[in-house]
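Here's the structure, in C-alpha cells; my notes come after.
Throughout, protein chains are lettered first and strands after them, A, B, ... in sequence-line order, and every chain is numbered starting at 1.
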Amino acid sequence: MNPAEIDTPVLIIGGGVAGLSAAVELSRRGLASTVVEREAAPGGRAGEFCCKAVAACARCGACRLGDLLAEAAARPEITLHTAALVTSAEQKDGLWTVELSPQPAGDDAPGPGAPLGERCSLTTGAVILAVGGQVFDPAGKSRFAHGRVEGVHSALELEAMLAMGAIGPGAMAPAKVAFIQCVGSRDAAGGRPWCSRVCCGYALRMARVIRHRLPETEVTFFHMDVQDYGRAWEEELPSLKEDIRFVRAMPGEVTAGEQGPRVVFAGPEGAPVSEGFDLVILSVGIGPPNGAGSLHELFGAAPDQDGFLAEEGPDGLFVAGAAAGPRSLNESITHAGLAASRAAARVGALLEAARG
Amino acid sequence: MPARVSLIWQEAPGLSGLDPAQVALAAGVELDDGGLVEAAVVTVAQERAPRGLQERLAGLPVSWLDLAAEIGGGGDAHRLARAATAVARAAGRAAKGTLPPVYAPQPAQSVLVAGAGLGALAAAWEAAALGHPVTLATPFGDAATPGADDDPQAVGLMAAQLPAQVELATECELIGLAGSAGGFSARLMGPQGESSQGFGAVFLAPPGELAPGCEIHGLNPELCVLASKLDPEDWQGPEDAWLHAAVLAGSAQAAPSYSFAAALEAALALAKRPRVQVSLFYTEARVAVPGAERLFRDCRAAGVLPMRVEPGGLEVRGGHTLAWFDPLLGEEITLEPAVAVMAEQSGAPRPAWLDNELTVKPWDLLVPENPRLAGGKTSRSGLYILGSLRGTAPGAPRRAEAAAATADMHARLTGRVVPMPAVRDQLCARCLSCVRACPHGVPQFVGFGIACSPAGCVACGICAAECPAEAIAPPGWGQPEMLAALEAALAVAPEPKMVLFACGQSGMPAASALSASGHQWPAGLVIFPLVCAGRTSQVLVTRALELGAKGVLTAGCHPGNCRSISGNLVAAAKLEMVQGMLAELGLDPEAVSFLPLASNQTRELAQAVEALAVKAEEA
C-alpha cells in the first residue's frame, strides 16, 4: 500500500452524533477524517430531540449535538460533506475506495459542512459506518391508529411538539395523556424481539416535562417492564410513580372516541377497559438501519440476528452508534469513541506496514 | 493606558451587508489599514482566522469575536447598531491590554492507570497506542487477573496484547492524589513501601466486585448459589421427581439489565438439566442489553416459570420456603427450592482518599450522570474514573468508556490551546478561595503561593469570580478587562440597554443559532459571551445596572448539566443575592434573573429576551 493513495485516513458515513463524535475523537487523536452526510444538514436524529430538563437536567444528552457541531466546525482535521450519497464501495489492498454522489441540497443549509459539489471518489484506510438505527414507523402497528385517529402521535412527533412549545400553558393543554411503550420493541410476533433500551427513558422524561409544564394534566404510562436508564433514575423512580400513573398492561388497540382517542387495555381483573385520552403517545423503538440496507451491503457489513451491524466488519470497517444496536445519545457518543480508537489503530498499522 | 484598537474585518456568513468602516466608526475604533496594530478586534473566531493574520497578531492583545453570533437579523441600521455594540465590547477588552493566552509549560505526558480488569487494561492499551508512557499499578500479582465482574477470557487476551512500553507495578495501589491534568502527584503503596510519582493523567479503574444485588434475608445460606459461581452440571432431579430451582433476579428491588441477563443465562442453563424446574423471580424484566429479550423468550420456551412479584413481595419462611401472592390465581403460593441462584450486581469500593483529598464538598467529583462528563471524565481535569467504581455495566461499555477517556486525555495533554490562569502573586492574599472554588483542581497551594497545573484549565473563570483580590483569572477573564468590555458596550448600545451573559455551553450556542437563523434581537441588547455562567459576579451584574442596563439576564446550563459542575448554581445564587440587594434598595429585583437553558432551547431564550425587552421598555 502506498500512503500517498489515501485521500482521507478515515471516512465516516453518517453525520449524526455517532459520526460527528467519531470525527472529533479521531481529531483528538491527531487523525484527519471525512464525514459524509446524506441530508442537507448534519445532526441526524438528535436534531429532532427536545431538551427534557425540568427543575434539573434530565441527562438525555440532546444538548450535546450542539457541542459536537461546534467542535466539528472548529477542528480543521474534519471535512464534512453534506447532501452526499455513497454509491459504491470496494476494498483493495487493505484500502477502501468509496464513490460519492451529490444530492439536491437547499440553498443555505444550516450548520457546518458544505454540500458535496460533484461526484467524487475517496480512498481511505478505514470506514466508520455511523448510519444510525431506524425509528419504528407506527403505521406498522395499525391497531394503535397512528395517522387514523386524531390525537395519536409518535414519540418523535412529541419531541418536536415539546421543542416548539406546542404543549404547555398558552398552547395545547391536554387533560389526559397516555404513553404506550414498546411500540416496535420486545415484539417477537412483529419480528422485533429486542428491547430498544431508550424508550422508557425518553417517555418518562417527556412525561415529566408535560407534568412540569401542565401540573393539572394526568399522565398514564402503559408498559410491560420499566427498563433501567441510569442510576440516578432508579432513585427517582418512586417519586415518578407518584407523579405519573403506571399501568402494567400492553394496550390491545387505540380506537376513535367522541372526545378523542380511547385506549383499550386489560384491566386489573383481566377484563378489557376502554379509557379516553386527549393525547396518546406511541413510544416507538429503534430498529436496524433498513433504509441504509443497500449501504451496509455495499460495505459487506454483517448484520446480527436482529439486523443490527456487527461492530467490526471486514478489514477496516467499523460501526458506531445505533447502527450497531439501540443506544442512547450519550452511549452513541461513547461508542463512537471506541470505533475511532479501532479505526485509528487500523490506519496506524497500515502506515506502519507501508513504512516497514 | 487605553491602547489604540484596530478592527480587523474578516468576512463570515452572517456579516454580509455590513460596512466595516461604519461599524468601526460607530464602535469608536479604527478600521485596520494593514499598518501597525497595538490591539485588535477580529470579526471571526480564532480557529477560523487565516494563518497569516494569526501570525501578524501574535503577541498582541486581541479579542477574537464571533461577530455573526451576536448580530442576528433585522434592518441595516439595526444590524449596524448591534455590530457596533459587539465590536465595542470586544475593543473594551482588548484595550485593557488583554494578552493572548499564556500557553502552559509542557505538561507531563506520563499516565498512571491504577486498577485491574477490562477497563484498566483497555485504558493502558489505548494510552500506550497514543504514545504516552504508561504505568499500570495493579493490586494483583499480574495484569491478567480480572475483576470479579469481568470476562476472564477477554481480560487474558487484552493482558497478552499489552505493549511492552507499559510498565507494570504489581501489588501496588494508589493511596493519594494531588494536582490536575499535566501535573498530578500520586502516592503509591507497593511491596517496597510508599512512593510518590508525577503523572500527566490518572485513570482509576479498581477491579469490580460482585455482590448479590437482591439478596433475601433469612434464606438458608446453604441453599444459595451466586449466579457467577453456578455450575449447572451440579444439578439434576432424582429419577422420579422434579428438582426445584429458584433464580432470584431482583425481588426486593429491580436488578439492572446486565444482572438480569446473567440471571436469565443461569435459569436457562438450569432448565436444560434433567428434571430441573426453574422459577424466575423478579419485579421488572430488565432486558435492555443486547440479546436479553431473546434470552427471556428462550427461558420461557425452555420451561422456566416467570414469577413477577411486587417489590418486597417475596417472603422467606423458616429459612427454606419462598412465599408470594399470585394475582392471577388470587392466592398465595409457596415453593421450597433445592437451590436459590442469586443475581449479582457489580461495584467497587470507593477509595477514601478520593473524597478526603480531592473532593471539595458538597461536590461529587464523579458526577457519573452529568452528560458533559460521560466517557469516564470527572470534574477534575485529567482524572478519569472507569468501570465498576463509576457504575458502568460490565463488558463492551467499559471498553468504549476507556477509549473515550483516553482520547480526551490525549487531547488535553497535547492540545495547543490550553490556557493557564494568570496568578498575580503580589495581589494574592493566600485566602485559598480559588483552590476551593475551582472544580477542575487547577490552582493548588504549594507552600508559598498558588501554582496552576499546566493542562487542567478550561477557562470557566470561576476562580476569577471568587477571588476577592483580583489576583487570579484565566487569560481574558479578569475583572478589569471584563468591566472595561461591559462599559464600552453599554456606552454604545442604544436605549433601552440590556445585558445577556451567555454561558459558552448553553446560552451562547443558543444565541448563536438564533442569530444564524436571522432572529432579530432588541437593538439595545448586549450579548456578553462567557465560557461558563460561573464567571458572572455581583460586581459585574450591579455594574451593568449602574451603567444604565434596564435588565440583566444570565443564561447558563440546567442544574446537573454544568461542565464545571456548579458554575450554573453559583451564578444563580449570585443573581439571587443581587435580587435581594435590589429589593432592599426598593428597586425591581426582577431586573436581574438566571435562565436555565440548554443549547437547543432557542425558543426559550428568544422568549426570555423578549420578556426582558418588554420590561426594559416599561422601566
Side-chain angles (χ1 to χ4, degrees), chain A residues 25 28-30 47 49-51 53 55-67 70 74-76 108 110 163-165 185-186 188 193-195 197 200 224-232 234 268 270 304-305 308 311 325 329-331 333-335 337-338 340-342 344-345 348, chain B residues 13 45 47-48 126 129-130 253-254 256-257 284-294 297 327-328 368-372 374-375 391 396-397 399-408 410-411 414-415 505-506 509-510 513 516-517 557-561 596-601 603-604 607:
Chain A
E25 297 284 272
R28 288 181 174 177
R29 290 166 185 270
F49 299 160
C50 65
C51 171
C57 168
R59 304 170 288 267
C60 71
C63 57
R64 294 185 70 193
L65 174 64
D67 301 358
R75 289 183 175 267
D108 41 24
M164 288 186 309
S185 306
R186 300 190 67 187
W194 61 83
C195 166
R197 295 168 52 88
C200 283
M224 290 195 258
D225 298 282
V226 184
Q227 301 303 326
D228 44 351
Y229 41 95
R231 194 169 17 180
E234 202 75 62
D304 68 10
Q305 52 187 356
F308 292 100
E311 289 182 13
L329 291 178
N330 290 321
E331 287 168 338
I333 290 170
T334 310
H335 190 242
L338 182 57
S341 151
R342 288 174 169 161
Chain B
E47 61 269 9
R48 269 181 257 160
E126 296 269 356
L130 287 165
Q253 198 191 340
S257 285
E284 304 277 359
R286 293 268 167 92
V287 289
V289 290
E293 175 71 14
R294 262 176 206 279
R297 290 179 54 78
L328 276 181
E369 300 291 340
N370 184 322
R372 298 197 189 277
R399 183 75 185 73
E401 183 180 71
T406 34
D408 187 77
H410 182 68
T414 59
Q505 314 293 312
S506 50
S517 70
C557 301
H558 289 283
N561 190 270
L597 198 75
S599 55
N600 57 357
Q601 288 186 304
R603 189 183 56 91
E604 284 80 353
Q607 279 175 351

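Heavy-atom pairs under 4.5 Å with chain A peak, among B:P13, B:A288, B:G560, B:A403, at B:A288. For the options B:E604, B:E401, B:H410, heavy-atom pairs under 4.5 Å to chain A are most numerous at B:H410. The residue among A:V226, A:T334, A:N330 with the most heavy atom pairs within less than 4.5 Å of chain B is A:V226. Between chain A and the residues B:Q607, B:Q505, B:R372, the most heavy-atom pairs under 4.5 angstrom are made by B:R372. Comparing A:G66, A:P193, A:G325, A:G337 by heavy-atom pairs within less than 4.5 Å of chain B, the highest count is held by A:P193. Between chain B and the options A:C195, A:C51, A:C50, heavy-atom pairs under 4.5 Å are most frequent for A:C51. Taking chain B as the reference chain and counting heavy-atom pairs below 4.5 Å, the highest number among A:A345, A:G61, A:S185, A:A163 is found for A:A163.
With a 4.5 angstrom heavy-atom cutoff, B:P509 does not touch chain A via any of its atoms. Both the backbone and the side chain of A:R29 come within contact range of chain B, judged by heavy atoms closer than 4.5 Å. Residue A:C200: no heavy atom, backbone or side chain, is found under 4.5 Å from chain B. The contact between A:Q305 and chain B is made by backbone and side chain atoms together, counting heavy-atom distances below 4.5 Å. Interface remark: B:R399 contributes backbone and side-chain atoms alike to the contact with chain A (heavy atom separation under 4.5 Å). For chain A, no part of B:A129 is nearby; none of its heavy atoms comes within less than 4.5 Å. Of the atoms belonging to A:A55, it is backbone heavy atoms, and not side-chain ones, that fall under 4.5 Å from chain B. Both the backbone and the side chain of B:R294 have a heavy atom closer than 4.5 Å to some heavy atom of chain A. In this structure, the portion of A:F49 lying under 4.5 Å from any heavy atom of chain B is its backbone and not its side chain.
Note that the CD1 atom of A:I333 and the CZ atom of A:R64 stand 3.5 Å from one another [nearest 0.5 Å].
Within 6.0 Å of CZ on B:R297 lie no more than 12 heavy atoms contributed by other residues, nucleotides or ligands.
With sequence neighbours excluded, the residues satisfying side chain to side chain contact (heavy atoms under 4.5 Å, CB included) with A:E311 are A:A324, A:R327, A:H335, A:L338, A:R342. The side chain to side chain contact (heavy atoms under 4.5 Å, CB included) test applied to A:A74 returns B:E47, not counting sequence neighbours.
The backbone N or O of B:A402 lies less than 3.5 Å from a partner atom in the side chain of B:T406, making a donor-acceptor pair. The closest donor-acceptor contact from the side chain of A:Q227 to the backbone of B:V287 lies under 3.5 Å. Remark: the backbone N or O of B:P256 is not paired with any side-chain donor or acceptor of A:D228 at under 3.5 angstrom.
Looking at B:S506 and B:N561, their side chains never come closer than 4.5 Å, going by heavy atoms from C-beta outward.
Using a cutoff of 4.0 Å between basic side-chain nitrogens and carboxylate oxygens, A:D225 and B:R286 are not scored as salt-bridged. Using a 4.0 Å cut-off between charged side-chain N and carboxylate O, B:E293 and A:R197 make no salt bridge.
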